[in-house]
Amino acid sequence: RNADVVLAAVRKDGFALGYADPEMRKCKRIVLMALKGNPTSLVYAAEELRGDRDLVLAAIRADGSVLGYAADWMKEDWDFALASVKANTAALPYVAPALRLNSDFVMAVLRARPHGLATVEEGWRRDKAVVTAAVETSGFALQFADPSLRDDPDIVLAAVQRHPDALSFASERLRGNKEVVLVAVEASPSVLEHATAAMKRDKEVVLAAVRQCGFTLKYAAEPLLADQDVVLAAVRNSPSTLEYAAPSVRDNRMTVSAAVTANPSTLAYASEGLREDKAFLLDVVSKKGEALKCAAEKIRDDKDVVMVAVKDHGAALEFASDRLRSDREVVLTALSSDGCALMHASPDLRAERVVVFAAVAKDGSALAYGSEHLRRDKEFMLLAVALNGLSLQYATPELKADKQVVLRAVRSKAHALEHADSRLKRDREAVLAAVLQDGSALAYALESVRNDDIFMISAVAKQASVLQYAGHGLKSNAEVVLGAIKSDASVMRYAAAVLQDDRDFVLRAIQANVDVYEH
């Protein structure tokens, strides 16, 4: 009779409510606590609470069988019974028989919860109108229909039109019905898996599937895996499906070429004969050089083929034989396409000036793959940064601190200043050389330079847009800002707010450049 004791008990086990005093079973708080752990403990609740709409619905959501312990009026009330089944279809068997046998009620249930077809009276699962209502809402409800209706073309078509994978629940006869299977396959090609063997041998059906998803080729019957039209349609959609084709098709030049053009790695599924065919591979790698990866070993050691491959795709050098990765002509051809292909060259060639220069000329970051000896060589680095200033990032610390090297680099690429030694990031000459190339390079200069009045006046006089990267103090300096405005009125927008709001300064700015007014 003690509420705290009863609460403690039902919190541990809802069925403890059965031992509580009748007065305690009338307490909504205690009953809710019991239902939370064991919904069917509703059987022990007081009669008035077993008729409490909100309390019973909450329990039904957790366990549909709870409706069996609810007040009789709830099982007979259309609205409450429907709400219960919508909350949990497992409640349907506990609805009053009169409602379970009412076609309108059953239809209302199935339109809301089509999988309720699993729990309706057996007779409804043989009723075409009822089953149609269910499968039109969810095709998967077909699995609960009577076998006779799973063999009904109208029902099955309605189901697969809603959910194509419902084909798996159709009768074997309809899984072999071309009209039904085509509707399903055109909506979801993977359902070919559920069709009969006869349908998997049907060229029209399989083509409908592979044109949308090449991987469905794996469900096709063996004869179609050797059909040129079918496999070609599949590889055009999903090139790697060449893997499932019959050996005769994987030896077909046109089919393999189509697959490799779309995805070079599919050459791995070609016949051994084609992967060793020099004439065929010369044509393939001229379009997709990276296909060299899957060529036969002797082809990867054939200079003619490798030269064509690396010309198209420099990184294909990685797949050439060791002998050809040491061939200067081959490597230079690769570098003309991709400077970073240097990483795949032999160590000897990565130490050759001419080779590394060719790489750096194409891509400054290629210097990362040059030999350490060259990256320590000042004479070499002066030439390298002149070709591409960003190569400075791969120089040794000593050369990053060498003013001559850094000046050469920033005059080539202003943003090379980012990689200079900190001492040169505060060097006026080096910073100015970078800024004259690109004002945004000032962002890499040290704060001391960006707040240097003398330097900034000189810099903005030569490159007005530099003002945007100046320190706040200089953006508030009237003389610095006026010096920039004289050559470019638009830099007014970078001036500090204190200047933009100063009437006298604005008048001076307009006198310096009348176009400043619009900014």
Sequence neighbours left out, cut at 3.5 Å: what donor-acceptor pairs do the side chains of residues 354-365 make with other protein atoms?
residue: K362; atom: NZ; partner: S336; partner atom: O; Å: 3.3
residue: D363; atom: OD1; partner: S365; partner atom: N; Å: 2.9
residue: D363; atom: OD1; partner: S365; partner atom: OG; Å: 2.7
residue: D363; atom: OD2; partner: S365; partner atom: OG; Å: 3.3

Any donor-acceptor pair under 3.5 Å from [X] side chain to [Y] backbone:
X: S188; Y: V191; result: no
X: S171; Y: L174; result: yes
X: E136; Y: A159; result: no
X: S286; Y: D283; result: yes
X: T266; Y: A259; result: yes
X: S138; Y: V135; result: no
X: K36; Y: R11; result: no
X: S412; Y: V385; result: yes
X: R175; Y: V181; result: no
X: R493; Y: S490; result: yes

Practice item. List the steps and the verdict of side chain to side chain contact (heavy atoms under 4.5 Å, CB included) for V410 and Q437. Key: CA-CA 8 Å; V410 298; Q437 287 290 321; over 6 Å; no
Cationic N near anionic O, under 4.0 Å, [X] to [Y]:
X: D322; Y: R325; answer: yes
X: E447; Y: R426; answer: no
X: K378; Y: E398; answer: no
X: K293; Y: E318; answer: no
X: D504; Y: R508; answer: no
X: E429; Y: K403; answer: yes

Less than 4.5 Å apart, side chain to side chain, heavy atoms only: is that true for [X] and [Y]?
X: L399; Y: T396; result: yes
X: R150; Y: L142; result: yes
X: V449; Y: K425; result: no
X: L442; Y: F455; result: yes
X: R275; Y: I299; result: no
X: L436; Y: L432; result: yes
X: F215; Y: S190; result: no
X: R61; Y: N88; result: no

Can you give me every donor-acceptor pair (side chain of residues 304-316, partner residue at least two apart or in another chain, under 3.5 Å) with its distance?
residue: D304; atom: OD2; partner: K278; partner atom: NZ; Å: 2.9
residue: D312; atom: OD2; partner: G289; partner atom: N; Å: 2.7

**Study point:** R253/D277 under salt bridge (Lys or Arg N to Asp or Glu O under 4.0 Å): CA gap, chis, key distance, verdict
**Key:** CA-CA 10 Å; R253 290 169 178 258; D277 188 316; 2.5 Å; yes
Is the number of heavy atoms from other residues, nucleotides or ligands under 6.0 Å of [X] [atom1] greater than 12?
X: K475; atom1: NZ; value: yes
X: R428; atom1: CZ; value: yes
X: K303; atom1: NZ; value: yes

What is the distance from atom [atom1] of [X] to atom [atom2] of [Y], rounded to the nearest 0.5 Å?
X: N513; Y: D488; atom1: CG; atom2: CG; answer: 8.0 Å
X: L281; Y: R300; atom1: CG; atom2: CZ; answer: 11.0 Å
X: L317; Y: L335; atom1: CG; atom2: CG; answer: 7.5 Å
X: Y444; Y: H415; atom1: OH; atom2: NE2; answer: 5.0 Å
X: D377; Y: L383; atom1: CG; atom2: CG; answer: 9.0 Å
X: L192; Y: Y219; atom1: CG; atom2: OH; answer: 8.5 Å

Heavy atoms only: give me the nearest [X]-[Y] pair and the separation to one decimal.
X: G139; Y: H163; result: N-ND1, 2.9 Å
X: L182; Y: A208; result: CD2-CB, 4.0 Å
X: P114; Y: T137; result: CG-CG2, 3.6 Å
X: Q393; Y: K400; result: O-NZ, 3.0 Å
X: A414; Y: A441; result: O-CB, 3.7 Å
X: D63; Y: P39; result: CB-CB, 3.8 Å

Exercise for review: Determine whether the aromatic ring centres of H115 and F140 lie less than 6.0 Å apart.
Suggested key: no
Review point. Hey, are T196 and E172 close enough side-chain-wise for a donor-acceptor pair under 3.5 Å?
Key: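 The answer is no; no qualifying pair exists.
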**Study point:** Side-chain H-bond candidate by donor/acceptor type, N252 with Q228, under 3.5 Å
**Key:** yes
Check your understanding: Hey, mind stepping through N237 and R211 against side chain to side chain contact (heavy atoms under 4.5 Å, CB included) and telling me if it holds?
Key -> CA-CA 6 Å; N237 180 276; R211 281 175 179 150; over 6 Å; no
Point to revise | side-chain hydrogen bond (donor to acceptor under 3.5 Å, both in side chains) partners for N263, two or more places apart | key: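 S265.
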Point to revise | Candidate pair R328 and E352, rule salt bridge (Lys or Arg N to Asp or Glu O under 4.0 Å), full reasoning | key: CA-CA 10 Å; R328 185 179 290 100; E352 281 197 16; 2.5 Å; yes
**Study point:** Worked check of side chain to side chain contact (heavy atoms under 4.5 Å, CB included) between M199 and V185
**Key:** CA-CA 11 Å; M199 289 295 96; V185 163; over 6 Å; no
Exercise for review: List the steps, then state whether side chain to side chain contact (heavy atoms under 4.5 Å, CB included) holds for V256 with F280.
Suggested key: CA-CA 10 Å; V256 174; F280 173 72; 3.8 Å; yes
